[in-house]
Amino acid sequence: MAEETTNKKYPLEKIRNIGIIAHIDAGKTTTTERILFYTGKTYKIGDIDDGTTVTDWMDQERERGITIQAAAITCFWKDHRINIIDTPGHVDFTAEVERSLRVLDGGVILLDGSQGVEPQSETVYRQAQKYDVPLLFFINKLDKVGGDFYMSVESIAEKLTDKGLPIQLPIGREGDFTGMIDLVKMRAYKFEGELGKEVTEYDIPEDLLEKANNYRKKMMEKVAESDNKLIEKYLSGEELTEDEIRTGLRKLTINTDIYPIYCGTSLQNKGAQKLLDGVIDYLPSPKDKPPVMGIKEKSDEHIELPADENGPLAALAFKVQTDPYVGRLTYFRVYSGKATAGSYIYNATTGEKERLGRIILMHANKREDVKEVSAGEIAAAIGTKAVTGDTLCSEDNPILLDRISFAKPVIGVVIEPKSKDDRDKMGEVVKKFLEEDPTLEVKANQETGQTILYGMGELHLEIIVDRMKREFKLEVNTGIPQVAYRETFRNPVDVEGKYIRQTGGRGQYGHVLIKVEPLERGEGFEFIDKVVGGSIPKEYVPAVEKGIKEAAENGTIAGYPLVDFRVTLYDGSYHEVDSSEMAFKMAAIEALRKAQRASDSYLLEPIMKVEVVVPEEYMGDVIGNLSSKRSKIEGTQTRGKAVIISAKAPLAEMFGYTTELRGMTQGRGSSTMEPSHYQEVPANIAEQIVSGAQS
């Protein structure tokens, strides 16, 4: 049934590109399974515990019961095409959420109704705000013990935003949860028949009528704010029509002035159909979004491109994946124009022309070939060399779209091939993973000959190593995890760098004067050219910047990268014959090393935001244990019979914490960690790190 619809051409206003995002274990994949079932995409509902879900198709996902890779899938509801990306909830895979939100038009944030807003819920909400993504909230798992819709709504207001607006209310609590009240239609709904397929409408129960009227009044006040005519009508005491209410809610949602709140329990098959209605009613189509902004190639001219299939091609590659059957897949979102299979396109990021081979629509790990995709659509290409963040366009109208920024990795592990054959293979395999995952980095230790793979957390690296073994039959040994320390400058310094070599015949001459200044945490690296009077010819300045960047890869304290500093090149000298790019690069390297020694440099370590949930009786032991790990306890909160402890802790102290916590709490405690910031390492710890690096 639904497969026939795939080839139908849908107008832009009938397309929705949405992401399902949440904290781990809030029910994202279960909800997606219900959506696929009710839209006719699948004929049975997959189960996470049985490992039969559609979007969690990797072996590692099915074994662990978590989502690792964002899965794209297309389905159809009430004559609309919905492209869904089911994203991971575990913080180690937050890059998958970041790149998905960059190309999506709207999102659904799921909350576990017994927990309310959890740490990763906050992270994904901030990511959605960064890209100005309109959202719906779906409070899930209301059938659970402790499931509380009103507590969850309150937690949205306390921890995220005061723009949350319930447009449904639950009927019943916990095991007695039976359905919901629709505040727009002022009707009640329950879900009956095989797997909740039959949605039955009935009168609102008497005991909930007053509460429903109170919440509807709040909703109507908001709706009236969306339009001057509606304000007049509302204030004059006239009743707004259903269409006027929906139009007002849609306008407010698209402008991110409100976030409609839905409720249900996906596992018990209650609420998914109404959530789908909400996606169509309130989340934007590609046409509702502002034109995409880009920069004309080789200029600073800004260009706006509206979503128009007849416009010039502009698409963004947002994900690379190695598919065991078809090879390298590049996911891309088309913002303007059309991309046709077999045609030539221009990669404005690399400046290369290349052939777009096959274009396929992805249904999780199943593929369907299509001839073309137009503005507003998401697809995957086979044959392109584009990587995450590259702009694909036509050569006649080159445009550069904003790239996607990702957090830097905080933890590394030594990987060594088990045999000579594996050694030859490892370089190629690692290269594929680096193309797939922008939060991975690899570094070769020149002194030891070891390869260090850096990622976002222990689970992240564990999954990568497991995939090496399963997907590529590559056997590797791994060392103990290592913290990704950084080095930086304490004070501003002015230094001179010289590189002069005379070897008979033509020599080498480079001479630079630079000022190095520390920047605030997270500001990165900045290079300023302030050379005047031609003391250094312009053609040598890029070589100086290159030398600075190269020297910054290995600091002088313990060999860790230098971060958060500004270099101003203000003077120097050159030789008509002996000067070269290489000489100026070497002079810059020497200057930066001098600066680090002169500036009283210091080490930085990653600090993690930690949230621990434990039964009350273990609170004292857990806080004491965290304090012994150099943690700063930021607060505690009681939720039912559990206590939530918030802390900031150095990553170096937190390896294996999950296992330690289980032991302390007889398996009843849980924790989440995500990178927060970098801060200075205490002097006594820094001494141990430096001596360890030098030994």
Side-chain angles (χ1 to χ4, degrees), residues 70 72 95-96 98-100 102-103 131 292-305 311-323 326-360 362 372-373 375 377-409 427-443 524-525 527 539 541-543 545-546 549-550 553 581 585:
E96 290 286 320
E98 182 85 25
R99 56 177 160 200
S100 298
R102 170 67 174 81
V103 298
Y131 296 114
V292 68
M293 294 288 293
I295 297 172
K296 196 170 182 178
E297 193 188 32
K298 296 175 183 169
S299 80
D300 292 329
E301 185 189 339
H302 285 267
I303 302 172
E304 283 189 358
L305 286 176
L313 174 64
L316 185 76
F318 67 94
K319 176 179 166 72
V320 174
Q321 183 181 319
T322 304
D323 186 287
V326 295
R328 192 177 187 274
L329 281 173
T330 304
Y331 286 80
F332 64 100
R333 158 78 190 260
V334 183
Y335 287 95
S336 169
K338 292 177 185 171
T340 310
S343 66
Y344 281 89
I345 53 162
Y346 181 66
N347 185 329
T349 310
T350 62
E352 292 178 4
K353 187 177 175 182
E354 52 181 306
R355 188 170 177 272
L356 202 61
R358 290 162 60 195
I359 297 177
I360 51 181
M362 293 299 293
E372 67 174 28
V373 283
E377 296 182 344
I378 290 172
I382 301 169
T384 174
K385 294 175 185 167
V387 297
T388 299
D390 283 2
T391 302
L392 307 176
C393 56
S394 60
E395 207 169 1
D396 302 339
N397 291 281
I399 181 175
L400 269 171
L401 304 178
D402 279 348
R403 290 187 73 92
I404 311 171
S405 58
F406 296 100
K408 289 288 182 187
E428 279 300 308
V429 171
V430 168
K431 185 183 170 193
K432 283 179 180 173
F433 280 118
L434 293 176
E435 284 180 348
E436 268 190 32
D437 190 341
T439 60
L440 280 176
E441 282 181 12
V442 69
K443 193 173 177 183
F525 166 68
F527 179 81
E539 63 264 28
V541 172
E545 184 177 0
K546 191 176 178 184
K549 285 180 176 175
E550 194 173 300
E553 288 176 12
E581 288 184 1
K585 179 180 146 186

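Since the structure is predicted, the reported quantities are computational estimates derived from the model, not experimental observations.
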Practice item. I would like to know whether Phe433 and Val442 meet side chain to side chain contact (heavy atoms under 4.5 Å, CB included); could you show each step before the answer? Key: CA-CA 10 Å; Phe433 280 118; Val442 69; over 6 Å; no
Practice item. Applying side chain to side chain contact (heavy atoms under 4.5 Å, CB included), run through Val541 and Phe527 and close with a yes or a no. Key: CA-CA 10 Å; Val541 172; Phe527 179 81; 3.9 Å; yes
**Study point:** Stepwise side chain to side chain contact (heavy atoms under 4.5 Å, CB included) test for Leu392 and Asn347
**Key:** CA-CA 5 Å; Leu392 307 176; Asn347 185 329; 4.2 Å; yes
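Partners of Glu550 under the salt bridge (Lys or Arg N to Asp or Glu O under 4.0 Å) rule, at least two apart in sequence or in another chain, are Lys585. Looking at residues two or more places apart in sequence or on another chain, you find no salt bridge (Lys or Arg N to Asp or Glu O under 4.0 Å) involving Glu354. Remark: Glu395 engages Lys353 in a salt bridge (Lys or Arg N to Asp or Glu O under 4.0 Å) (not counting sequence neighbours). Here Thr391 pairs with nothing under the side-chain hydrogen bond (donor to acceptor under 3.5 Å, both in side chains) rule; sequence neighbours left out. Residues satisfying the side chain to side chain contact (heavy atoms under 4.5 Å, CB included) criterion with Glu428, sequence neighbours excluded, are absent altogether.
The minimum heavy-atom distance between Ala381 and Leu356, with the atom names listed, is CB-CD1, 3.7 Å. What you find for Phe332 and Ala315 is that their closest heavy atoms are CD1-CB, 4.0 Å. Leu305 and Pro312 make their closest contact through CD2-CG, 3.7 Å (heavy atoms, listed as atom of the first residue, atom of the second, distance). Here the closest heavy-atom approach between residue Ala379 and residue Val373 is recorded as CB-CG1, 3.7 Å. Taking every heavy atom of both residues into account, Gly337 and Val334 meet most closely at O-CG1, 3.6 Å. When all heavy atoms of Thr388 and Glu435 are compared, the pair lying nearest together is OG1-O, 4.3 Å.
Under the side-chain hydrogen bond (donor to acceptor under 3.5 Å, both in side chains) criterion, the residue pairs touching residues 335-346 are Arg102-Tyr335, Glu297-Tyr346, with sequence neighbours excluded.
If you take CG on Leu329 and OG1 on Thr384, they are separated by 11.5 Å, rounding to the nearest 0.5 Å. Rounded to the nearest 0.5 Å, atoms CZ (Arg333) and CD (Glu377) are 9.5 Å apart. Atom CG of Asp437 sits about 8.5 Å away from atom NZ of Lys319, to the nearest 0.5 Å. One finds the CD1 atom of Ile399 at 4.5 Å from the CD1 atom of Ile303 (value rounded to the nearest 0.5 Å). With values rounded to the nearest 0.5 angstrom, Asp390 atom CG is found 6.0 Å from Thr350 atom OG1.
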